[in-house]
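Everything quoted here is computed from the prediction, not taken from an experiment.
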Amino acid sequence: MLRTSTVSSSASNLVDTKTTAQSLRSLAINHSLRVPTLLTSAPSSGKSLLLSHLASRLHPDTHNQIVTIHFADTSLDPRSLLGSYASSATRPGTFEWKEGVLVRAMREGKWVVFEDIDRGSTELLGTIKPLVESLSTSTWIGGRARLNVPNRGTVEAAESFAIFATRSIPPFRSGN
């Protein structure tokens, strides 16, 4: 799945180290198995850079393959993830359904990164729980993510959809 790239090294900001290669390999394996993956490390240590690099290698013709949702944002609520009715711009006095960012990403086959997932509200975590569970290792191989949107039915993700989450932990005093 990962092979030596013919792209020049200036196309990536990644420094080729043993741990970088191991991390990319682990991410690629989890992605091929379609299991949600949690990336944990110190703040600003390159979690997003690893995901961007992997996305650019696996989807070279797709721009903006990654949709990042910041769970530390206190204005984020389930409606922004799933969707809600909003006033119609074309038909005054009526309402129309506007898909949320998560549902749109599922349909388009984007990778969703829940950044700082450990800082998300219980309500947000409860909203994404069924989606994450639909991708567990106990489901059938090749199964796609599914999410039931209240009063709108079940949304099945496109083939290339993937879920990642990040959390930052302070480094230990020993420097590890």
Side-chain angles (χ1 to χ4, degrees), residues 1-2 13-14 19-20 22-59 62-84 86 97-139 142-150 152-171:
M1 183 165 222
L2 291 176
N13 294 328
L14 239 105
T19 55
T20 302
Q22 288 173 339
S23 298
L24 281 172
R25 189 172 297 112
S26 294
L27 283 173
I29 289 169
N30 285 351
H31 177 65
S32 69
L33 295 172
R34 292 188 184 191
V35 292
T37 304
L38 175 65
L39 288 82
T40 302
S41 67
S44 301
S45 61
K47 297 178 288 289
S48 297
L49 182 62
L50 279 174
L51 289 172
S52 296
H53 180 80
L54 185 61
S56 70
R57 294 299 182 253
L58 297 179
H59 301 279
T62 306
H63 297 285
N64 302 322
Q65 178 62 28
I66 297 176
V67 174
T68 303
I69 301 172
H70 298 272
F71 268 37
D73 181 0
T74 56
S75 66
L76 190 66
D77 67 353
R79 289 179 304 172
S80 55
L81 295 179
L82 303 178
S84 64
W97 180 258
K98 298 286 185 185
E99 286 186 338
V101 65
L102 178 59
V103 171
R104 198 169 335 128
M106 288 176 68
R107 290 191 197 279
E108 294 174 0
K110 302 288 186 181
W111 291 9
V112 174
V113 178
F114 297 118
E115 196 144 321
D116 296 322
I117 195 162
D118 55 325
R119 296 177 63 192
S121 69
T122 306
E123 188 178 26
L124 286 174
L125 296 174
T127 301
I128 66 166
K129 182 181 182 241
L131 174 64
V132 171
E133 288 174 343
S134 75
L135 289 172
S136 71
T137 54
S138 63
T139 59
R144 294 188 186 179
R146 294 184 188 304
L147 181 63
N148 185 25
V149 179
R152 301 299 294 178
T154 300
V155 176
E156 184 175 293
E159 177 98 18
S160 58
F161 177 75
I163 299 174
F164 298 93
T166 68
R167 71 176 181 155
S168 297
I169 55 171

Quick one: does any side-chain atom of [X] pair with a main-chain N or O of [Y] as donor and acceptor, under 3.5 Å?
X      : Y      : value
Thr166 : Asp116 : yes
Ser52  : Ser48  : yes
Asn30  : Leu33  : no

For [X] and [Y], which heavy atoms make the closest approach, and how far apart are they?
X      : Y      : result
Ser134 : Ala145 : OG-CA, 3.4 Å
Gln65  : Gly109 : NE2-O, 2.9 Å
Ser23  : Leu50  : CB-CD1, 3.7 Å
Met106 : Val155 : CE-O, 3.5 Å
Gly153 : Asn148 : O-OD1, 3.2 Å
Gly120 : Leu125 : O-CD1, 3.9 Å

How long is the gap from [atom1] on [X] to [atom2] on [Y], to the nearest 0.5 Å?
X      : Y      : atom1 : atom2 : result
Arg107 : Leu102 : CZ    : CG    : 11.0 Å
Leu49  : Ser44  : CG    : OG    : 11.5 Å
Arg119 : Asp73  : CZ    : CG    : 10.0 Å
Thr40  : Arg167 : OG1   : CZ    : 4.0 Å
Phe164 : Leu27  : CZ    : CG    : 6.0 Å
Arg152 : Leu82  : CZ    : CG    : 11.5 Å

- Query: In terms of ring plane angle, is the pair His31 and Trp111 parallel, tilted or perpendicular, where the classes change at 30° and 60°?
  - Reply: tilted

Quick check: do [X] and [Y] have side-chain heavy atoms less than 4.5 Å from each other?
X      : Y      : value
Pro78  : Leu124 : yes
Thr154 : Val149 : no
Ile117 : Ile128 : yes

- Query: Does the distance from a Lys or Arg side-chain N to an Asp or Glu carboxylate O, for Arg79 and Glu123, drop under 4.0 Å?
  - Reply: no

- Query: So, Arg104 and Glu108, do they make that salt bridge, N to O below 4.0 Å?
  - Reply: no

- Task: Just jot down the ring-ring contact (aromatic ring centres under 6.0 Å, His included) partners of Phe161, sequence neighbours excluded, or say none.
- Result: none

- Can you name the residues that form a salt bridge (Lys or Arg N to Asp or Glu O under 4.0 Å) with Glu156, not counting sequence neighbours? Arg144, Arg146

